[in-house]
Novice: 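Below is the structure I would like to discuss, written out as structure tokens.
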Amino acid sequence: MAVISVALAGRSYDVVIEEGLLARLPATAAPFLKGYAGGRPVPIVADTNTYRLYGEAITSDLAAHGLRPEWFVVEPGEDAKTWGVLEKLTDWLLALGVTRTDHVFALGGGVVGDLVGFACAVTKRGCGFVQIPTTLLAQVDSSVGGKTAINTKAGKNLIGAFHQPALVLIDPLVLGTLPDREMRAGYAEVLKYGLLGNAAFFDWLEANGTKVLAREPAALEHAIAASIAMKAAIVAEDERETLDRRALLNLGHTFGHALEAETGFSDRLLHGEGVAMGMVLAARYSARRGEISGADAERATGAIAAAELPAHLPALRLTCDGARLVDHMRHDKKAEAKTLPFLLLKGIGQAYVARDVDLTDIAAFLDEELAA
Ligand code: ADP
Ligand code: ZN
């Protein structure tokens, strides 16, 4: 078991990582369940998959402790992160009589976590919530740090709030039911932590990545704990991404976002897969600028390819050119920005924010990569 504390003035919370935690929910989440002891229902949000897999067991465990859950179940996928679902969810919370001192439970991947976090940020001007992330991606990344959001026509995650959970419960056992492709996509974010700031962890992942992907308990718990420890430290230093610290977590994400946009944010390329390819591109571009050795760029690429994540741009079979990918990177399309901050590498475990990157050069680099 590992307990990592996210240290934030007045809003510190624990991330508990332990196999079998979900089966002990009434005990581990006891302080946040106390308010429901009088018979009021415990609000739990899941998607149809996490509800189908874990709903009944949780209901009976809580019942054994005299607690009665009330479930709100959404369809899996990004479509749950909409104003429409948010409205239904907040209406449901208000109908249940949720108060500011109550805690809502979120059982699912990043989609459920983002939706519930945002709903709780705005319900009664902010009620509590407990994250129970069930994908590797959510366990190592999105469940910690307080970024919550829904999607709109203008783009993903553009409407949201910083709202920290009161507790994060990570049970690596639930990854046993996660599809392999989702597991690998989450693993891309694990590799990200090594690449961005922890060379020793990257070494360890090179040696033990297969065990992590195979869900070997000790390796998995170590990978999750090391990732969360890094995320917790970064979030504690820069909660709202106003410094360059938290931006480091976006390694691979600018390139990755362009690839996700080009593939329509569809099943063609999962977020983690886009990040994986994006990290390869960041490493190769850093090597092209002479900031990282060709050998280190190869190591980064090799670790990603070894996890069967996309590491070769032509394999994505895009039909666009580099300029179009750069267009996807510009947040404000009207501004015709000539530069953007880019996360680049000075070595394995040494990411930094480069502010002198010329987007014309990025487009040329991407053309080379697309033809490679
Ligand atoms: P992410 O955490 O990557 O943002 P989502 O919340 O979209 O992802 O979840 C990805 C998919 O995995 C969804 O279809 C979801 O229902 C499913 N899922 C989540 N957790 C589990 C689990 N433990 N076992 C099986 N499927 C799961
Ligand atoms: Zn990400």
Side-chain angles (χ1 to χ4, degrees), residues 19-23 44-55 57-58 71 73-82 85 106-118 131-145 147-151 156-157 160 168-193 195-196 215 220 224 227-228 230-231 234-235 241 246-261 265-267 269-279 282 304 309 343 351:
E19 254 197 64
L21 207 52
L22 197 56
I44 311 186
V45 184
D47 71 16
T48 52
N49 291 323
T50 56
Y51 178 73
R52 172 176 48 81
L53 291 162
Y54 303 104
I58 291 176
W71 293 86
V73 180
V74 300
E75 289 299 319
E78 290 285 325
D79 287 352
K81 287 171 61 176
T82 59
V85 177
L107 176 79
V111 165
V112 170
D114 277 8
L115 172 72
V116 174
F118 186 48
Q131 289 270 29
I132 309 174
T134 61
T135 63
L136 181 58
L137 189 123
Q139 292 191 344
V140 298
D141 201 4
S142 55
S143 66
V144 175
K147 280 192 180 177
T148 73
I150 58 168
N151 306 325
K156 278 183 69 181
N157 299 330
V168 183
L169 295 176
I170 298 181
D171 184 349
L173 268 188
V174 299
L175 301 180
T177 53
L178 191 67
D180 287 343
R181 186 178 176 198
E182 297 285 350
M183 188 72 190
R184 286 194 296 271
Y187 183 72
E189 304 270 8
V190 175
L191 280 171
K192 178 187 80 177
Y193 290 104
L195 275 178
L196 80 87
R215 288 93 155 157
L220 191 51
I224 295 169
S227 300
I228 292 291
M230 284 185 69
K231 174 127 192 198
I234 289 172
V235 167
E241 206 168 315
R246 189 159 181 169
L248 293 180
L249 296 171
N250 297 334
L251 178 65
H253 281 63
T254 303
F255 285 116
H257 176 86
L259 300 171
E260 285 186 85
F265 294 99
S266 67
D267 284 354
L269 191 72
L270 301 179
H271 172 74
E273 294 169 343
V275 170
M277 188 66 243
M279 291 190 297
I304 288 160
L309 284 160
L343 272 293

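For ligands, and for the atoms within them, numbers begin at 1 and follow the listed sequence. Numbers here are sequence positions counted from 1.
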Novice: Which pair of heavy atoms, one from Asn49 and one from Pro76, lies closest together, and at what distance?
Specialist: ND2-CG, 3.6 Å
Novice: Does any part of the side chain of Leu136, heavy atoms only, come nearer than 4.5 Å to the side chain of Ile224, both counted from C-beta?
Specialist: yes
Novice: Are the side chains of Phe265 and Lys156 in contact, using a 4.5 Å heavy-atom criterion?
Specialist: yes
Novice: If I only include protein atoms of type N, O or S, how many are less than 2.8 Å from the Zn ion (ligand 2)?
Specialist: 3
Novice: Does ligand 1 have a heavy atom under 4.0 Å from the side chain of Asp47, from its backbone, from both, or from neither?
Specialist: side chain
Novice: Flag the pair Tyr51 / Val112 as yes when at least one side-chain heavy-atom distance between them is below 4.5 Å, and no otherwise.
Specialist: no
Novice: Go through ligand 1 atom by atom and flag the ones less than 4.0 Å from a non-hydrogen atom of Thr135.
Specialist: 1 (P), 2 (O), 9 (O), 19 (C), 20 (N)
Novice: Hey, is the main chain of Glu75 close enough, under 3.5 Å, to the side chain of Asp47 for a donor-acceptor pair?
Specialist: no
Novice: Find all atoms of ligand 1 within a distance of less than 4.0 Å from any non-hydrogen atom belonging to Gly110, and give their numbers and elements.
Specialist: 1 (P), 2 (O), 4 (O), 6 (O), 8 (O)
Novice: Using a heavy-atom cut-off of under 4.0 Å, does the side chain or the backbone of Leu53 touch ligand 1, or both, or neither?
Specialist: side chain
Novice: Quick one: side chain to side chain contact (heavy atoms under 4.5 Å, CB included) partners of Glu182, sequence neighbours excluded?
Specialist: Leu178, Pro179, Leu270
Novice: Please report the shortest heavy-atom distance between Ser227 and Val190, naming the atom on each side.
Specialist: OG-CG1, 3.7 Å
Novice: For atom 11 (C) of ligand 1, which protein heavy atom lies nearest, and how many Å away is it?
Specialist: Glu182 OE2, 3.7 Å
Novice: Would you find a donor on one side and an acceptor on the other, under 3.5 Å apart, between the side chain of Lys81 and the backbone of Val111?
Specialist: no
Novice: What I'd like to find out is whether the side chain of Ile234 reaches to under 4.5 Å of the side chain of Leu196, using heavy atoms alone.
Specialist: yes
Novice: Between Thr177 and Tyr54, does the side chain to side chain donor-acceptor pair (under 3.5 Å) criterion hold? Intermediate values first, please.
Specialist: CA-CA 10 Å; Thr177 53; Tyr54 303 104; 2.7 Å; yes
Novice: Give the atoms of ligand 1, by number and element, whose distance to some non-hydrogen atom of Pro76 is under 4.0 Å.
Specialist: 14 (O), 16 (O)
Novice: Are any side-chain N or O atoms of Ser143 and backbone N or O atoms of Ala138, one a donor and one an acceptor, separated by less than 3.5 Å?
Specialist: yes
Novice: Taking His253 for its side chain and Leu251 for its backbone only, find out whether a donor-acceptor pair lies under 3.5 Å.
Specialist: yes
Novice: Quick check: Val111 and ligand 1, any N/O pair under 3.5 Å apart?
Specialist: yes
Novice: Look at Arg215 together with Asp180 and state whether they make a salt bridge at an N to O cut-off of under 4.0 Å.
Specialist: yes
Novice: Check each atom of ligand 1 against the heavy atoms of Thr50 and keep those under 4.0 Å away; list them by number with element.
Specialist: 19 (C), 20 (N)
Novice: If you measure from each non-hydrogen atom of Thr177 to ligand 1, which part falls under 4.0 Å: side chain, backbone, both or neither?
Specialist: both
Novice: Who's the nearest protein heavy-atom neighbour of atom 14 (O) of ligand 1, and how far?
Specialist: Asn49 ND2, 3.3 Å
Novice: Which protein non-hydrogen atom lies closest to atom 18 (N) of ligand 1, naming both residue and atom, and how far is it?
Specialist: Leu178 CD1, 3.9 Å
Novice: Please report which non-hydrogen protein atom sits nearest to atom 20 (N) of ligand 1, along with the residue it belongs to and the distance in Å to one decimal place.
Specialist: Thr134 OG1, 2.7 Å
Novice: Around atom 26 (N) of ligand 1, find the nearest protein heavy atom and jot down its residue, atom name and distance.
Specialist: Pro179 CD, 3.9 Å
Novice: Just distances here: any N/O of Val174 and N/O of ligand 1 closer than 3.5 Å?
Specialist: yes
